[in-house]
Amino acid sequence: IEHLCMPDIELKVFRKILAAAMHSVRPSIMYVMLMILCRKNDKRNLYIFNTMIVISVASSFLSIFFEFGFSFNEANELVRGPLAFVPIIISAIFMLLLLILTLRKYKHSSSKEYLLTIAIAIMFIMGLVFEVLFSYRYIIISCYAVAVTFYYLFFLTSTDNHDMLTGALV
């Protein structure tokens, strides 16, 4: 939607809002995945995660007004500012934390969740390389959508004990 609004000068504010939402969705998805894994046992880690997500979302949405995260030039193209990489860096930190916590939690288990997490981490690293180094657009967003879908389906199938035919609890 943001790319389709590019030629219209009148939609500049709408594009800023969409760009801010796009920049804040990335770390928010990783935050949700960390909350699924951590539950609410460790208050200190939750405080750190909450602080990081607030910084990321605030820097994204304050860029609408102050243009220190991103702005649009005369050709109506998105230009990254000095704080544009804050959401990307926080997403990378969340991904590393997700990988470390999953490996630590399930290292003695017969669960295959660590394999899924490693596959997701490799997918994110490849998406980040393609987006940052090769300037492809929207690769990370697609990686997030696939990762959240697979992570949710894995947890749903590993924790749900319903019979598929009758719907009764097994």
Side-chain angles (χ1 to χ4, degrees), residues 1-40 42-104 116-152:
I1 294 174
E2 187 262 333
H3 189 66
L4 294 175
C5 297
M6 189 172 165
D8 294 331
I9 302 296
E10 294 84 23
L11 297 175
K12 191 172 185 177
V13 174
F14 182 65
R15 282 193 68 204
K16 284 185 177 183
I17 293 170
L18 283 177
M22 184 177 68
H23 280 83
S24 63
V25 160
R26 295 174 184 182
S28 299
I29 291 172
M30 295 306 299
Y31 173 79
V32 169
M33 291 172 76
L34 273 172
M35 291 300 108
I36 289 172
L37 184 63
C38 288
R39 303 292 178 208
K40 292 184 179 170
D42 192 3
K43 299 290 185 185
R44 184 179 55 117
N45 285 342
L46 289 176
Y47 179 74
I48 293 170
F49 298 157
N50 291 340
T51 304
M52 289 173 69
I53 195 68
V54 166
I55 289 171
S56 176
V57 171
S59 70
S60 296
F61 278 100
L62 287 176
S63 294
I64 295 172
F65 306 107
F66 301 113
E67 299 181 353
F68 54 81
F70 57 86
S71 63
F72 294 97
N73 61 10
E74 292 80 24
N76 209 11
E77 297 172 340
L78 184 71
V79 178
R80 291 184 174 165
L83 295 179
F85 289 103
V86 169
I88 294 173
I89 291 169
I90 289 177
S91 297
I93 291 170
F94 281 168
M95 186 66 231
L96 288 174
L97 287 172
L98 183 68
L99 183 64
I100 291 168
L101 290 174
T102 303
L103 291 176
R104 185 184 300 163
L116 177 68
T117 307
I118 290 172
I120 289 172
I122 291 170
M123 182 178 62
F124 279 128
I125 291 168
M126 289 174 51
L128 189 64
V129 166
F130 281 116
E131 188 165 316
V132 173
L133 296 180
F134 300 124
S135 300
Y136 290 125
R137 298 185 72 179
Y138 310 116
I139 299 290
I140 293 289
I141 296 294
S142 302
C143 289
Y144 283 123
V146 170
V148 167
T149 303
F150 281 121
Y151 210 70
Y152 175 75

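Quick caveat: nothing in here was measured; it's all calculated off a predicted structure.
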> Minimum heavy-atom separation for P27 to I90, with atom names?
Replying inline: CB-CG2, 4.1 Å

>> If you define the side chain from C-beta out and look only at heavy atoms, does anything of H23 sit under 4.5 Å from V86?
In response: no

> Under the side-chain contact (heavy atoms from CB on, under 4.5 Å) criterion, do S63 and L83 qualify, and how do the steps go?
Replying inline: CA-CA 9 Å; S63 294; L83 295 179; over 6 Å; no

>> If you compare all heavy atoms of S24 against all heavy atoms of F61, which two are closest, and at what distance to 0.1 Å?
In response: OG-CE1, 3.4 Å

>> Give me the atom names and distance for the closest heavy-atom approach of I93 to M52.
In response: CG2-CE, 3.4 Å

> F94 vs Y31 aromatic rings, parallel, tilted or perpendicular, using cut-offs 30° and 60°?
Replying inline: tilted

>> Within this structure, what is the CG-CD1 distance for the pair L34 and I29, rounded to the nearest 0.5 Å?
In response: 12.5 Å

> Rounded to the nearest 0.5 Å, how far does CG of L62 lie from CD1 of I55?
Replying inline: 12.0 Å

